[in-house]
There are 2 protein chains.
Amino acid sequence: MKKTIFVFSSLIVALLALFQLSKYSYTTGDLSIEIIIAAIAIIFLCLGIYLNKKSLHKTTPITTKVDYEKIEKLGISKREYEVLVEISKGLSNREIAEKLFVTESTIKTHVSNVLVKLNSKRRTQAIKKAKEYHILTS
Amino acid sequence: MKKTIFVFSSLIVALLALFQLSKYSYTTGDLSIEIIIAAIAIIFLCLGIYLNKKSLHKTTPITTKVDYEKIEKLGISKREYEVLVEISKGLSNREIAEKLFVTESTIKTHVSNVLVKLNSKRRTQAIKKAKEYHILTS
DNA sequence: TTGACATTCATACTAAAGTACTAAATCATT
DNA sequence: AATGATTTAGTACTTTAGTATGAATGTCAA
């Protein structure tokens, strides 16, 4: 909000400056009106893009970020989270084991722990809940 | 892409028209330069907002809609899709069976068919692929 | 250094998921 | 009325997932 006010203020100043410049050039003929108009057009085009980007980011976050605090709150460890990520990619326990260079048995342990911590009965349910908690990017 | 070209073209025309108008007013003094500049500023502000909204919608659709054509393309039937939706909600075969008032055996058949059609080995992989295909809302 | 966790792995088991068929009833379409 | 696709359901089987339990190792802070 502070930034928006700042941007607006500085643009009003810039606009006034251009008005003065246009008046000055009107009398002296140093700068052509076309150039001034073009400059104003470009400035306001950029302003429109900037303002729109701001508002869109606020209403609908485009890049859904991972809520790491929530992961901690749920007591999910670093390794358990790694496993959860691989689960959401559709990998089997064996495939995850190969990817993380551990045995399938270890993965099973991690998966069981994750299921308890996400209060889920199945890995599919865990995926769904993890996305609801913003632990996984959908 | 066609729309973008059209919008750009029409705006270049509008810009040229304004240029001519500014020249006209310069000689006759009917319209003040300030008003013309203000008009240009407003037009390009709106243009910036419009273009940005367009581009953002294209790169990252805010309301992810279901691509029903893709479902057809993949040969997934109505019932199979229903099962797929329930899978993504984290339900087990038995739970899906109860929800859809059929036997678990039937659900297994549907699941198997969906897995083949989505070229997946597991239901978790099917969920991932379905979301990539915009068949399921993430 | 002792305790609390995290990570690893194992065994043994149960439950669920998935495959590969077969087959019958339904339903829309030509 | 015949055809093809859908939906349903079954059996028998293999594979994967998940539980329960115990135990070894490593880490890190109190």
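When reading the values below, keep in mind they use all heavy atoms of this one structure, side chains included, and skip hydrogens, waters and symmetry mates. This one's a predicted model, so the numbers in the text were calculated from it and none came from an experiment. Just so we're on the same page: letters track the sequence lines, and every chain starts at 1.
- Rounding to whole angstrom units, NZ of residue Lys108(B) and P of dT16(D) are separated by 15 Å.
- Atom pair Ile107(B):CD1 and dG10(D):P shows a separation of 12 Å (rounding to whole Å applied).
- For Ser112(B) and Thr109(B), the side-chain atoms include no donor-acceptor pair closer than 3.5 Å.
- Within a 6.0 Å sphere centred on NZ of Lys73(B), other residues, nucleotides and ligands contribute 12 heavy atoms or fewer.
- At least one side-chain heavy atom of Leu74(A) sits under 4.5 Å from a side-chain heavy atom of Ile135(A).
- In the region residues 109-131 of chain A, proximity to DNA chain D at under 4.0 angstrom, judged on heavy atoms, holds for Val111(A), Ser112(A), Leu115(A), Arg122(A), Arg123(A).
- At whole-Å resolution of the value, CZ in Arg79(A) and C1' in dG26(D) are 14 Å apart.
- Electrostatic pairing of Lys129(A) and Glu132(A) does not count as a salt bridge here, judged by no charged N lying under 4.0 Å from a carboxylate O.
- If you measure from atom CG of Leu100(A) to atom P of dT7(C), you get 11 Å, rounded to the nearest angstrom.
- Spacing between atom CD1 of Ile96(A) and atom C1' of dT7(C) amounts to 16 Å, rounded to whole angstrom units.
- Residues Val66(B) and His134(B) have side chains not in contact (no heavy-atom distance under 4.5 Å, counting atoms from C-beta outward).
- Between Lys99(B) and Leu91(B), the shortest heavy-atom distance links the atoms CD-CD1, 3.9 Å.
- For the pair Thr106(B) and dA9(D), the criterion of a side-chain N or O lying under 4.0 Å from OP1 or OP2 is met.
- The distance between atom CG of Leu84(B) and atom C1' of dT7(D), rounded to the nearest whole Å, is 17 Å.
- Rounded to whole Å, the distance from CG on Leu91(A) to P on dT16(D) is 13 Å.
- Within the 4.0 Å cut-off from OP1 or OP2 of dT7(C), at least one side-chain nitrogen or oxygen of Ser77(A) is found.
- Look at Arg122(A) and Glu95(B) and you find a salt bridge, because one of the NZ, NE, NH1 or NH2 atoms lies within 4.0 Å of a carboxylate O, short of that distance.
- Checking Phe101(B) against Ile76(B), the closest nucleotide of DNA chain D that is more toward the 5' end is the one next to Ile76(B).
- Residue Ser105(B) is in base contact, counting any heavy-atom pair closer than 4.0 Å across all strands shown.
- Residue contacts shown for Thr103(B) are limited to sugar-phosphate atoms, with no base heavy atom under 4.0 Å away.
- For Glu72(A) and dA6(C), the CD to C1' distance is 14 Å, given to the nearest whole Å.
- Contact check, Asn93(A) against dA17(D): a side-chain N or O comes under 4.0 Å of OP1 or OP2.
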